[in-house]
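Here's the structure, in structure tokens; my notes come after.
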Amino acid sequence: MSVKPEEFFKHVISHSKEYGFIFQSSEIYDGLSAVYDYGQLGAELKKNIRDYWWKAMVQLHENIVGIDAAIFMHPTTWKASGHVDAFNDPLIDNKDSKKRYRADVLIEDHVAKIEDKIEKEVEKARKKYSGIDSSNPKEKDSKRLLTKEEVSYIKFDEQLFRSTNARVLEYQKKIEDINNRFKTALNDNNLEEVKQIIVDLEIVCPISGSRNWTEVRQFNLMFSTSMGSVSEDANTIYLRPETAQGIFVNYLNVQKTGRMKIPFGIAQTGKAFRNEIVARQFIFRMREFEQMEMQFFVKPGTEMQWYEYWKEARLKWHLSLGLGKEKYRYHDHLKLAHYANAACDIEHEFPFGFKELEGIHSRTDFDLKQHEQFSGKKLQYFDPEENKSYVPYVVETSVGLDRLFLSVLSSALKEEKLENDTRTVLSLPPALAPYKAAVFPLVKKDGLPELAENIFNNLKFDYNVAYDEKDTVGKRYRRQDAIGTPYCITIDHQSLEDNTVTVRLRDTMQQFRIKTEELHSFLEPRVSLTGLLKTL
RNA sequence: GCGGAAGUAGCUCAAUUGGUAGAGCUCCAGCCUUCCAAGCUGGAGGUUGCGGGUUCGAGACCCGUCUUCCGCUCCA
């Protein structure tokens, strides 16, 4: 594509709106930032993607079942999961460099610097006392090797040094003071105090080097609302920031009632909410979005092989959409979240670059252990093979449905140069296309519309089919190209005589005649999800 | 939240130093009957994102505000 990525992305957005895939939320009221609605075609495409995921996970794996947990959950859920703490970041801006920092990170970095100083003191002392400066080869060479006894005799006692040296103790005290002060400030939700700590510590911005800070602001990344009709006894509850916790709290219910044996999985699709500081890039990062998650419960010690299994299986699923192998890649996380012992992303090349599409995480037994602790309920599995109980480990696959939608839409949209014309084509995988086929009478007379309607009414029970009799047939083809309809079926005068129709292909514009009664068997293998599922 | 750009009909865009808001496509009703957009006739559609100000007069100038895009920042 010759157009710039930025221009192309704008084209994707306007195409989405123009053909009824995606509208901005509450547009007549100037819209609501980072919230979008799916229109008549968008809802179809989204549903088809969701169905394909659901069938690939639940229907094709007899050890995976699906649930639909509520968005509202008991508030303690989010304490146990770590979201209440982890989702509350105090942020501060430097007015000169315009850079934003997490206030806690600034303070932690400052503490780390002091710790460095202590290490330097220790290092200095070590050299001094041991009489051996390993960094100075000259000195090393000039001395004979010490005997073991001698070494132990003059060996530097680091523990003792750390607990007695005045300078180290002074640094240590500083660190403790800062930490205590900071902890108290956070517990009291005292943001002025947090700011004051930064001022008192004379922390400077690494970029501008200035101490010109804004106030510290709290960004609560979870949406909260209140349950209970009377405000006095209202309980603050959160809109879930991830669907996974609905699976964890139901893990034992499902395991017992479904008589599930480890390894087994629980899948779920549903809305999640995150109050992003900056939500941007169309539907890539929205405040309200839909996740498709599967938590796979495994025997401790086997998690890495399942992690590898799902890493591979999920990439295969993405590749089956046929949008181009080169548009996907793995990205292994080096820095892991508090609950994970391995994590990677499957990234997709969006118009604005490679970005995270799906995450595969080995979450250990962190979540279930946390819920055991907070709920006081045992969340263990009795393994008959081992003849003992344990808390299972979890391997998670988590994909954003909206991101997936955007990946499909932006990869499928093409401007095709013809001889003296350009054609806008949405080359969606046929099984995901909103309309599987469109039925046209070549002209709007001579009984052609009636026959076309018959054919339409026949197909509509199995497929979402469009009917159009307006404008020239070429125009109608182009309209269907733009919304991704893979097949157009045109009824002409010959159809009245021999019961054949013209099938026209979206991607090649090729056309050929087939018998009317063959339409169903022609479409079925090409447009059904079954066809896609069989490639997995 | 900061900086930059933008917002005119469903879509793409015009409108001279401030002087009556326009075109093409789309849409609707007909004509024509055509297998790959752009044939003919007629019609609908806008309080120029919103609110204020300057002016005899604002789409244009000024202030505020909302939204979008780009960059910074963040991302379980």
Side-chain angles (χ1 to χ4, degrees), chain A residues 4-7 9-11 13-15 17-20 23-36 81-83 86-87 89 91-102 105 207 214-215 217 219 221-222 241-245 272 274-282 284-285 291 293 333 335-340 343 345 352 355-356 359 361 363 366-367 396 398 400 418-424 440-446 448 469-482 488-494 501-506 509-513:
Chain A
K4 288 187 214 153
E6 196 180 304
E7 292 302 310
F9 186 42
K10 282 185 178 166
H11 178 51
I13 295 169
S14 62
H15 191 86
K17 188 191 169 187
E18 185 172 356
Y19 289 94
F23 306 121
Q24 198 186 358
S25 162
S26 330
E27 199 188 1
I28 61 167
Y29 293 108
D30 280 336
L32 186 62
S33 185
V35 184
Y36 291 89
S81 70
H83 285 88
F87 255 129
D89 298 336
L91 299 178
I92 189 165
D93 292 329
N94 182 271
K95 289 178 188 166
D96 298 316
S97 66
K98 309 286 183 198
K99 294 279 175 186
R100 167 169 297 164
Y101 300 91
R102 275 174 55 174
V105 170
I207 306 288
T214 61
E215 292 308 304
R217 281 163 310 211
F219 284 80
L221 299 187
M222 279 197 290
E242 64 171 17
T243 58
Q245 299 305 327
R274 294 180 192 179
N275 201 358
E276 304 281 356
I277 305 164
V278 175
R280 207 94 61 62
Q281 274 159 333
F282 197 39
F284 183 80
R285 181 173 292 120
Q291 291 186 308
E293 292 195 310
H333 285 204
K335 213 179 107 198
L336 298 171
H338 57 283
Y339 53 71
D345 295 334
F352 40 84
K355 296 277 175 176
E356 178 190 341
H361 297 232
R363 291 181 78 132
F366 176 85
D367 296 277
E396 167 191 270
S398 173
L418 301 179
E419 274 183 38
N420 36 14
D421 184 14
T422 58
R423 184 171 81 115
T424 304
F440 308 146
L442 183 61
V443 293
K444 204 166 64 176
K445 63 171 193 180
D446 301 336
L448 297 187
E469 57 178 28
K470 183 109 174 64
D471 298 313
T472 65
V473 75
K475 230 173 187 177
R476 284 177 270 170
Y477 286 148
R478 298 302 176 88
R479 275 204 284 267
Q480 297 300 325
D481 289 340
C488 290
I489 298 159
T490 303
I491 286 80
D492 58 13
H493 292 88
Q494 191 185 331
V501 295
T502 301
V503 173
R504 181 265 193 188
L505 308 182
R506 175 195 65 196
M509 299 197 287
Q510 198 188 343
Q511 41 186 326
F512 46 85
R513 297 190 81 87

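In what follows, every heavy atom counts, from backbone to side chain, and hydrogens, waters and symmetry copies are set aside. Just so it is clear: chains get the letters A, B, ... in the order the sequence lines come, proteins before strands, and each one is counted from 1.
- Across all strands shown, B/U41 forms a Watson-Crick or G-U wobble pair, both distances under 3.5 Å, with B/A29.
- For A/Met509, the listed nucleotide lying nearest its side chain is B/C36; candidates were B/C36, B/C11, B/C69.
- Separating the OH atom of A/Tyr19 from the C1' atom of B/U12 is a distance of 12 Å, rounded to the nearest angstrom.
- Comparing the C1' positions of B/C63 and B/U20 gives a spacing of 28 Å, expressed to the nearest Å.
- Comparing B/U33, B/C35, B/G10 by their closest approach to the side chain of A/Gln511 singles out B/C35.
- Of the C1' atoms belonging to B/U16 and B/G10, the separation is 30 Å, rounded to the nearest Å.
- With 3.5 Å as the limit, one finds a donor-acceptor pair spanning the side chains of A/Glu293 and A/Thr243.
- With a 4.5 Å cut-off on side-chain heavy atoms, A/Glu27 and A/Lys17 count as touching.
- Put simply, the residue from A/Ile489, A/Val473, A/Thr490 that forms a side-chain contact (heavy atoms from CB on, under 4.5 Å) with A/Thr502 is A/Thr490.
- For A/Val473, the listed nucleotide lying nearest its side chain is B/C35; candidates were B/C70, B/C36, B/C35.
- Closest to the side chain of A/Asp492, out of B/A37, B/C69, B/C35, is B/C35.
- Atom CZ in A/Phe23 sits about 16 Å away from atom P in B/U68, given to the nearest Å.
- As rounded to the nearest Å, B/U54 and B/C61 have C1' atoms that lie 8 Å from one another.
- Side-chain contact between A/Lys470 and A/Arg476: absent, with no pair of heavy atoms (C-beta onward) separated by less than 4.5 Å.
- For the C1' atom pair drawn from B/A37 and B/C11, the interatomic distance equals 15 Å after rounding to whole Å.
- When the nucleotides B/U68, B/C35, B/U33 are ranked by their closest atom to the side chain of A/Lys445, B/U33 comes out on top.
- In this structure B/U16 sits in no base pair that meets the Watson-Crick or G-U test at under 3.5 Å.
- Distance check on atom P: B/A38 versus B/U26 gives 9 Å, rounded to whole Å.
- Between A/Glu18 atom CD and B/U12 atom C1' the separation is 9 Å, expressed in whole Å.
- The base of B/C75 does not come close enough to the side chain of A/Arg274 for any donor and acceptor atom to sit less than 3.5 Å apart.
- Nucleotide B/C75 holds its P atom 14 Å from the NE2 atom of A/His361, rounded to whole Å.
- For the pair A/Ser398/A/His361, no side-chain contact is recorded, criterion being any heavy-atom separation below 4.5 Å from C-beta on.
- Taking the side chain as every heavy atom from C-beta outward, A/Gln494 and A/Leu442 never approach each other to under 4.5 Å.
- Between A/Ile13 atom CD1 and B/C11 atom P there is a gap of 14 Å when expressed in whole angstrom units.
- Pairing for B/C61 is with B/G53, a Watson-Crick or G-U wobble pair whose two hydrogen-bonding atom distances lie under 3.5 Å.
- Nucleotide B/A5 forms a pair with B/U68, judged by Watson-Crick or G-U wobble geometry with both contacts under 3.5 Å.
- Using atom P as the reference point in both B/C70 and B/C27, the two lie 30 Å apart (nearest Å).
- Taking the P atoms as reference points, B/C69 lies 32 Å from B/G24, given to the whole Å.
- The partner of B/C35 is absent, by the rule that a Watson-Crick or G-U pair needs both atom distances under 3.5 Å.
- Counting distance only, with no hydrogens placed and no angle test, the side-chain atoms of A/Arg423 and the base atoms of B/C36 include no donor-acceptor pair under 3.5 Å.
- Note: NE2 (A/His83) to P (B/C74) measures 19 Å, nearest angstrom.
- Here the nucleotide nearest the side chain of A/Arg513, chosen from B/C36, B/C75, B/C35, is B/C35.
- A/Phe440 comes within 4.0 angstrom of no nucleic acid atom, judged by non-hydrogen atoms across all strands.
- Between A/Gln24 and B/U68 there is a side-chain N or O to OP1 or OP2 distance below 4.0 Å.
- Spacing between B/A15 and B/U8 at atom C1', rounded to whole Å, works out to 10 Å.
- In this structure, A/Phe282 places its CZ atom 8 Å from P of B/C69, rounding to the nearest Å.
- Under the side-chain hydrogen bond (donor to acceptor under 3.5 Å, both in side chains) criterion, A/Arg479 pairs with A/Asp468, A/Asp471, sequence neighbours left out.
- Across all strands shown, B/A21 has no partner, as no Watson-Crick or G-U wobble contact with both distances under 3.5 Å is found.
- Between A/Glu242 and A/Glu27, the residue anchored nearer the 5' end of RNA chain B, judged by the nucleotide with its closest heavy atom, is A/Glu27.
- The closest side-chain heavy-atom distance from A/Glu469 to A/Phe440 is not below 4.5 Å.
- The distance between atom CZ of A/Phe284 and atom C1' of B/U68, rounded to the nearest whole Å, is 18 Å.
- When heavy atoms are screened at a 4.0 angstrom cut-off, A/Tyr36 is found touching the sugar-phosphate backbone but no base atom.
- Partners of A/Glu242 according to the salt bridge (charged side-chain N to carboxylate O under 4.0 Å, His left out) rule, which considers only residues two or more places apart in sequence or in another chain, are A/Arg363.
- Comparing A/Val443 and A/Leu505 along RNA chain B, the residue whose closest nucleotide (by nearest heavy atom) sits nearer the 5' end is A/Val443.
- Nucleotide B/C75 is matched to nothing when pairs are restricted to Watson-Crick or G-U wobble geometry with both distances under 3.5 angstrom.
- The side chain of A/Lys17 sits closest to B/G10 out of B/G10, B/C36, B/C70.
- Two residues are said to be in side-chain contact when any heavy atoms from C-beta on lie closer than 4.5 Å; A/His493 and A/Leu448 meet this criterion.
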Show me the protein contacts with nucleotides 27-30 of chain B, counting only N or O atoms at under 3.5 Å.
residue : atom : partner  : partner atom : Å
B/C27   : OP1  : A/Arg479 : NH1          : 3.4

